[in-house]
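Please read all numbers here as calculations on a predicted model, not as lab measurements. Quick note on labels: first sequence line is chain A, next is B, and so on, each numbered from 1.
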Number of protein chains: 2
Amino acid sequence: MNETKERILFIALKFFLSKPFTEVTMSEILKESGMSKGGFYHHFDSKEALYCEVVNKYLIGSLMTDIEKFSTTKLTLSFAEAMPMYLGSIFRLAGEKLKELDLKPEDVNLYNIMFDMMKYYKGFDDILNKFHEDEINMLKSLIEKSIETGELRKDIDSLSLANHIHALMHGISVLSVLDENIETINDRIQELFNGLYRLVKA
Amino acid sequence: MNETKERILFIALKFFLSKPFTEVTMSEILKESGMSKGGFYHHFDSKEALYCEVVNKYLIGSLMTDIEKFSTTKLTLSFAEAMPMYLGSIFRLAGEKLKELDLKPEDVNLYNIMFDMMKYYKGFDDILNKFHEDEINMLKSLIEKSIETGELRKDIDSLSLANHIHALMHGISVLSVLDENIETINDRIQELFNGLYRLVKA
DNA sequence: ATCTGCAAACCGGGGTGTCGGTCTTTAATA
DNA sequence: TATTAAAGACCGACACCCCGGTTTGCAGAT
């Protein structure tokens, strides 16, 4: 792909991560990339097309690889080990990527981004559903294994607990956005997980 | 208060519930209310002032009364009775209010609304924090009472479980928005709560 | 006569996208 | 290798529209 185009995509990424689609203006993207309007529209059909390419290149792809990365390593770990690692790794990964972009976590509203993708990126609902399914299946199989090894209570319904943890994660995540203190998210996760673990361990 | 002003406030409410602040235009509010710009700006200083009055009148107030309504009735109920009632009542109440406004639940994004209030309604962060605190305290005292009566396990940390349930609620809620199937939210809540109850009951 | 409530026309600014034209690189041909 | 044609990258002014907000004037009640 063209080098200029890639530079524009990268710069646009920052803006689309830090503001809703409608509040990002072409002017600021062009100013930042030192490019003219004419130059830009030579490469892209529209602002929305730019958005879709950004999402495609930077967001969709990494969503996929991240979950795969975890699902291959989980099998050797116990529930007590894997769980905090899983919970933490998501946010650590996100944090690293934001650092590369010189963005502070508190300037990025994950849910605004997802809502935007729902609106402007066709088929995102399917992708998201599949992503959630994968996450839950992963949790489910981890739970089942941990029941077999005797780590967790025998009377636990694995699917139910998987859904529970999944929802809990999103709850912590969205509350952190609302509270505007993303930094403490890892502590909160750890604490809530410990409480849950006390309830489910054998 | 003026009758015209109230009509504008009510119409504006619908728009602010169904779209982000920046995407709501004065033109559509004026068109819907059959009013001219001059007329509008006779009553309000700005679009933002309108927004704040709408939030003040319709959203902040009901947020307060709802939680009070519940906190006065909870004392006579067991955990198993109070919990689903509490969880369900929030969404039932919201549903009723949306019906009055001819809005479908799937057209309203609760978190978009909250993020907007964070941006444009001064002091909303404090209000929200207090609201969350109240919710958690309410849950906490319910849990403590239920531990005393022997309904719940003695080894449960009440604050930890309260936080847990609170986060879980928001998780279910935000996932329902993302999945775009708000209708099933009550079933999901019921199911996840049942799973949790099995873990915490004595 | 004055004040209230409102309508209509208007304003500046900023939004996305277009268009004619220029410069640069590449490719083909003699 | 020198010349020429075509393609690609880019510029900047401008068109057009719609935004929130202002100004002016007028009808009717007090």
Ignoring backbone atoms, establish whether His43(A) has a side-chain N or O less than 4.0 Å from OP1 or OP2 of dG8(D).
-> no

May I ask you to verify if any side-chain N or O of Tyr41(B) is less than 4.0 angstrom from the OP1 or OP2 atom of dT22(D)?
-> no

Can you list every pair that meets ring pair (Phe, Tyr, Trp, His ring centres under 6.0 Å) and has a residue in residues 17-37 of chain A, with sequence neighbours left out?
->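 Matches after skipping sequence neighbours: Phe16(A)-Phe21(A), Phe21(A)-Tyr51(A), Phe21(A)-Tyr120(A).
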
Sequence neighbours excluded and cut-off under 3.5 Å, please list the side-chain donor-acceptor pairs for residues 33-45 of chain B, or say none.
unit_1	atom_1	unit_2	atom_2	d
Ser33(B)	OG	Ile29(B)	O	2.8
Ser33(B)	OG	Leu30(B)	O	3.3
Ser36(B)	OG	Gly39(B)	N	3.2

Please list, one pair per line, the donor and acceptor atoms closer than 3.5 Å that link side chains of residues 189-202 of chain B to other protein atoms, with sequence neighbours excluded.
unit_1	atom_1	unit_2	atom_2	d
Asn194(B)	ND2	Gln190(B)	O	3.3
Tyr197(B)	OH	Glu151(B)	OE2	2.8

Would you kindly give the CD-to-P distance between Glu6(A) and dA9(D), to the nearest whole Å?
->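 Taking CD of Glu6(A) and P of dA9(D), I get 13 Å after rounding.
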
Atom pair distance, as rounded to whole Å: CG in Leu30(B) and P in dG20(D) =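 Distance, rounded to whole Å: 9 Å.
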
Expected output: side-chain Ser78(B) to main-chain Glu81(B) donor-acceptor under 3.5 Å = yes

Every protein N/O within reach of nucleotides 23-29 of chain D N/O, cut-off under 3.5 Å:
none

Any residue meeting side-chain hydrogen bond (donor to acceptor under 3.5 Å, both in side chains) with Lys14(A), in chain and number order, not counting sequence neighbours |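 Checked Lys14(A) against side-chain hydrogen bond (donor to acceptor under 3.5 Å, both in side chains); zero matches.
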
Just jot down the side-chain contact (heavy atoms from CB on, under 4.5 Å) partners of Ala162(A), sequence neighbours excluded, or say none.
-> Ile136(A), Leu139(A), Lys140(A), Ile143(A)

Anything under 4.0 Å to a heavy atom of chain A counts; send over the first and last such nucleotide of DNA chain C, read 5' to 3'.
-> dG15(C) to dC19(C)

Begin with the C-alpha distance, continue with both residues' side-chain angles, and end with the deciding distance and a verdict on side-chain contact (heavy atoms from CB on, under 4.5 Å) for Thr184(B) and Asp179(B).
-> CA-CA 10 Å; Thr184(B) 66; Asp179(B) 285 2; over 6 Å; no

Nearest 0.5 angstrom please: [X] [atom1] to [Y] [atom2], how far?
X	Y	atom1	atom2	value
Leu142(B)	Met83(B)	CG	CE	7.0 Å
Glu28(B)	Ile11(B)	CD	CD1	11.5 Å
Lys47(B)	Thr25(B)	NZ	OG1	7.5 Å
Leu50(B)	Phe15(B)	CG	CZ	11.0 Å
Met118(A)	Glu180(B)	CE	CD	4.5 Å

Taking distance alone, no hydrogens or angles, what donor-acceptor pairs closer than 3.5 Å link side-chain atoms of residues 97-109 of chain B to residues at least two apart or in another chain?
unit_1	atom_1	unit_2	atom_2	d
Asn109(B)	OD1	Tyr111(B)	N	3.0
Asn109(B)	OD1	Asn112(B)	N	3.0

Please tell me which of Gly39(A) and Gly34(B) maps to the more 5' nucleotide of DNA chain C, matching each residue to the nucleotide holding its nearest heavy atom.
-> Gly34(B)

Least distance between heavy atoms, Leu168(B) atom then Ala167(A) atom = CD1-CB, 3.9 Å

Name every residue in residues 44-51 of chain B that has at least one heavy atom under 4.0 Å from any atom of DNA chain D, in order of residue number, or write none if there are no such residues.
-> Ser46(B), Lys47(B)

Quick one: bend of the helix from dA1(C)-dT30(D) to dA30(C)-dT1(D) from 5 pairs per end, to 10°?
->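 Roughly 20°, once rounded to the nearest ten degrees.
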
Would you jot down, in residue-number order, the residues of residues 13-29 of chain B having a non-hydrogen atom under 4.0 Å from DNA chain C?
->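 Going residue by residue through residues 13-29 of chain B, none turns out to have a heavy atom under 4.0 Å of DNA chain C.
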
Please, which pairs that meet salt bridge (Lys or Arg N to Asp or Glu O under 4.0 Å) have at least one residue in residues 121-133 of chain A, sequence neighbours excluded?
->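 Residue pairs with at least one partner in residues 121-133 of chain A: Lys130(A)-Asp134(A).
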
